[in-house]
Amino acid sequence: MSNAPKILYTLTDEAPFLATASLLPIIEAYTAPAGITVETRDISLAGRILSHFPDFLRDDQKVADDLAELGQLATTPEANIIKLPNISASVPQLLAAIKELQQQGYALPDYPEEPRGERDNEIKARYDRTKGSAVNPVLREGNSDRRAPASVKAYARKHPHKMGAWSSDSKSHVAHMDAGDFYGSEQSAVIAQPTTLKIEMIGSDGRSQMLKTGLKVKAGEVVDASVMSTQALGEFVDAQIDDARAQGVLFSLHLKATMMKVSDPIMFGVVVKRFYDQVLSKHAAVLEQIGFDANNGIGDLAARLPSLPADQRAAIEAELAAVYATRPGLAMVNSDKGITNLHVPSDVIVDASMPAMIRDSGRMWNAEGKLQDTKAVIPDRCYAGIYQAVIDDCRAHGAFDPATMGSVPNVGLMAQKAEEYGSHDKTFQIAADGTVRVSDDAGHVLMEHAVKAGDIWRMCQTKDAPIQDWVKLAVNRARLSHTPAVFWLDSARAHDRNVIAKVEQYLKDHDTSGLDIRILSPVEAMKFSLTRIRQGQDTISCTGNVLRDYLTDLFPIMELGTSAKMLSIVPLMNGGGLFETGAGGSAPKHVQQFVEEDYLRWDSLGEFLALAASLEHLAETTGNARAKVLADALDAANAKFLDTDKSPSRKVGGIDNRGSHFYLAMYWAQALAAQSDDAALQTKFAPLAQALTVNEAKIVAELIAVQGKPVDIGGYYKPDMAKLSVAMRPSATLNAALAAL
Ligand SMILES: NC(=O)C1=CN([C@@H]2O[C@H](COP(=O)(O)OP(=O)(O)OC[C@H]3O[C@@H](n4cnc5c(N)ncnc54)[C@H](OP(=O)(O)O)[C@@H]3O)[C@@H](O)[C@H]2O)C=CC1
Ligand SMILES: O=C(O)CCC(=O)C(=O)O
Ligand SMILES: [Mg+2]
């Protein structure tokens with residue numbers, strides 16, 4: 001195959017987007033001499049919003065729907081996409097982004113939180129398409145292969161990050177429900193013939209309502225349904241609040257309200273309502289009137305209180321203080337600013353929050369700004385148990401040692417919206433008591449649940465082709481890295497039983513001789529992997545979509561200090577490549593630090609690794625030999641970058657993200673100048689390598705000189721590109737050297 005070599009680089013949000021303003025000019029300068037085009041596509045929250053409202057914007061303000069274009073491209077062999085982390089917006093973030101855009105002169109409508117009439121419904125539906133994890137499921141037309149490359153692991157062993165010590169009498173623990181959750185109610189079916197499903201709600205009064213019709217399913221597809229009883233959840237939460245107070249530990253809640261954008265905000269709301277019951281019940285009428293929504297967190301109340309008369313406001317504030325006096329301490333997101341774990345549903349996201357707690361000796365921050373033992377409430381049992389297994393291990397054996405510990409790479413089943421992370425359009429909060437029934441074309445009932453008003457019912461789909469591809473990837477990875485591979489599947493779950501049967505069947509399609517491949521329940525798989533990790537041994541985890549997410553933050557954060565240092569490749573099922581940068585988020589607190597003191601702590605190593613993999617893929621698919629030369633030189637530069645430890649330090653005065661980009665550029669140019677595979681590239685890059693090497697001290701000084709004072713970038717969700725470029729490219733010497741290339 002030969003086509004014009006092109007890489008699509010995504011413009012996203014927050015820290016990774018700021019970093020792009022400095023890194024992209026370097027990437028463009030280096031790839032151009034090889035005849036490679038790098039184009040950008042805007043998939044930021046602001047960009048997604050604007051692309052949905054052309055009818056409200058002036059012609060010069062309209063933007064294309066880049067996400068839809070990339071989603072389409074991801075199904076083709078030509079795709080070569082570098083995907084940086086983006087905001088998966090909660091409602092409070094969506095509201096803030098809309099407000100900022102309106103202030104910048106975009107005449108967007110307000111978000112109709114309580115829609116009245118057709119027009120409101122239509123506008124809300126448009127906004128809701130940009131909400132939550134709206135990007136990744138669209139682009140992920142493949143399964144994932146996430147790991148710490150050998151060079152990164154070696155770096156972490158040489159420069160181990162700090163890990164909080166663990167004590168055997170830590171009172172920290174995970175609390176989960178014992179009944180009434182998704183885990184306990186799961187039903188699963190494998191589709192025999194292509195058909196169309198419908199989801200029907202039959203009320204106890206006999207009235208029936210279609211929740212969804214026309215849901216096409218393919219042969220071999222696994223479909224599951226389960227239900228969370230909000231009553232059981234509420235009772236469980238009450239008991240945990242009391243128990244946390246009795247034990248003197250912090251109360252914390254860990255959900256994934258971003259990716260599980262329908263079910264988890266409701267669960268979050270149940271916990272907020274229970275925790276603040278005293279004040280919310282007493283002032284219910286007033287709170288209703290000011291539009292408070294518990295699903296948006298208690299921060300929503302704080303935001304709306306100013307609209308009340310002073311006396312009403314004081315009464316509510318007094319009641320809030322009384323709640324805090326009688327409740328257990330809440331884990332804090334920011335104790336200086338009084339932001340609690342229950343403030344905003346997107347502040348505490350389980351994949352990152354549980355590893356952070358484990359790294360901090362099993363503790364979280366309390367209101368006094370001190371670390372304290374914590375009850376981590378993870379209501380549903382499907383995956384909660386793995387974290388208790390880690391806590392048990394740390395209590396028994398102490399903290400993990402990054403200098404000696406083994407690694408747990410992941411091969412994750414996520415293609416085509418697999419499993420829970422694709423369930424949003426099939427998740428419903430039930431309006432009345434009755435039965436939810438899933439049936440096919442021929443009227444056969446596949447699954448049926450008794451439900452009560454308020455319950456959360458959801459259905460998931462996992463297509464057969466992605467499962468086959470996942471098994472193949474797992475076998476390949478086990479073979480390539482000579483490492484045991486464990487499928488984390490729970491035979492007590494209906495869905496997992498169906499997947500186990502498929503895994504057993506599809507393993508037979510591959511040569512597995514000499515490989516150690518096992519199927520273990522998540523808790524057993526965790527214990528097995530942790531035992532090996534302490535012996536310095538690696539174990540591949542082959543998991544479904546949710547555990548993919550959880551484990552690819554958990555292990556990198558323990559092994560490397562941050563999941564930003566991960567290599568995260570998605571071989572797309574139709575032959576293209578999606579290269580995600582790291583496995584971590586968009587680090588909002590890094591933006592805060594940047595605007596306050598012109599210092600960006602974001603670690604772009606994930607971008608460097610993704611770029612090398614993308615160039616490698618480009619060389620293979622387009623036969624462009626120069627892409628290979630660039631990739632090899634970038635590999636060498638990455639190794640040198642790690643060896644010399646040029647990642648950003650944490651504080652003003654050291655090199656930050658921009659300084660680390662300079663070092664990458666210098667090492668990359670040096671490697672290109674030193675190679676002899678391509679004489680023209682060698683000649684082209686030799687003077688640049690020379691200029692950067694000679695001016696190292698000067699460039700670093702120019703980059704550091706700007707630090708330490710506030711910087712204006714003209715927006716949070718949509719920064720001013722000109723201001724941002726000036727702020728992120730403060731070294732005239734570096735800019736001139738790049739321009740001269
Ligand atoms: N692929 C994607 O698009 C993803 C997007 N997200 C989105 O990102 C946002 C934040 O979520 P979340 O990941 O939970 O929180 P953060 O982005 O705050 O990440 C958690 C912590 O990881 C560390 N970290 C992550 N990336 C880097 C980096 N490149 N350089 C240095 N440190 C890093 C920091 O820890 P410390 O300060 O302790 O060193 C950071 O505070 C949300 O909107 C979420 O939806 C999240 C995951 C993936
Ligand atoms: O899409 C998202 O919201 C986050 C994705 C994520 O956390 C992951 O894939 O690791
Ligand atoms: Mg994640």
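When reading the values below, keep in mind they use all heavy atoms of this one structure, side chains included, and skip hydrogens, waters and symmetry mates. For clarity, every value in this text was computed on a predicted model and none was experimentally measured. Both ligands and their constituent atoms are indexed starting at 1 by order of listing.
Between Asn296 and Pro345 the shortest heavy-atom distance is O-CD, 3.3 Å.
Neither side chain, His343 nor Asp347, offers a donor N or O lying under 3.5 Å from an acceptor on the other. A donor-acceptor pair shorter than 3.5 Å cannot be found between the side chains of Asn638 and Tyr155. In this structure, a donor-acceptor pair under 3.5 Å is present between the side chains of Ser541 and Asn410.
At least one heavy atom of Arg146 sits under 4.0 Å from some atom of ligand 2.
Within ligand 2, the atoms closer than 4.0 Å to a non-hydrogen atom of Asn136 are 1 (O), 2 (C), 4 (C), 5 (C), numbered from 1 in the order shown. Residue Asp351 has at least one heavy-atom neighbour below 4.0 Å for each of these atoms of ligand 2: 7 (O). Listed by number with element, the atoms of ligand 2 under 4.0 angstrom from any heavy atom of Arg140 are 8 (C), 9 (O). Here is the list of ligand 2 atoms found below 4.0 Å of a heavy atom in Ser133: 1 (O), 2 (C), 3 (O). Annotation for ligand 2: atoms under 4.0 Å from non-hydrogen atoms of Ala583 are 10 (O). Heavy-atom contacts of Arg548 reach the following atoms of ligand 2: 8 (C), 9 (O), 10 (O) (cutoff under 4.0 Å).
Ranking the protein heavy atoms by distance from atom 3 (O) of ligand 2 puts Ser88 OG, 2.5 Å first. Remark: minimum distance from atom 8 (C) of ligand 2 to any protein heavy atom is reached at Asp549 OD1, 3.2 Å.
A salt bridge links Arg658 with Asp598: at least one charged nitrogen is closer than 4.0 Å to a carboxylate oxygen. Using a 4.0 Å cut-off between charged nitrogen and carboxylate oxygen, Lys718 and Glu100 do not count as a salt-bridge pair. With respect to the salt-bridge test (charged N to carboxylate O, under 4.0 angstrom), the residues Arg601 and Asp656 do not qualify. A salt bridge does not link Lys256 with Glu420: every distance from a Lys NZ or Arg NE/NH1/NH2 to an Asp or Glu carboxylate oxygen is 4.0 Å or more. Salt-bridge annotation for Lys158 and Asp645: absent, with no side-chain N of the basic residue lying under 4.0 Å from a carboxylate O of the acidic one.
With 2.8 Å as the limit, Asp549 counts as an N, O or S neighbour of the Mg ion (ligand 3).
Note: Leu605 CG to Leu664 CG = 9.0 Å, rounded to the nearest 0.5 Å.
The part of Lys256 lying near ligand 2 is the side chain, judged by heavy-atom distances below 4.0 Å.
If you look at Phe608 and Phe641, their ring centroids are closer than 6.0 Å.
Near ligand 1, heavy-atom contacts under 4.0 Å come from Lys83, Pro85, Asn86, Ile87, Ser88, Asn136, Thr258, Ile349, Ala352, Arg359, Thr562, Ala564, Gly584, Gly585, Ser586, Ala587, Pro588, Lys589, His590, Arg601, Trp602, Asp603, Arg650.
Looking only at its N/O/S atoms, Asp351 has OD2 as the one nearest to the Mg ion (ligand 3).
In this structure a side-chain-to-backbone donor-acceptor pair under 3.5 Å is present from Gln388 to Val174.
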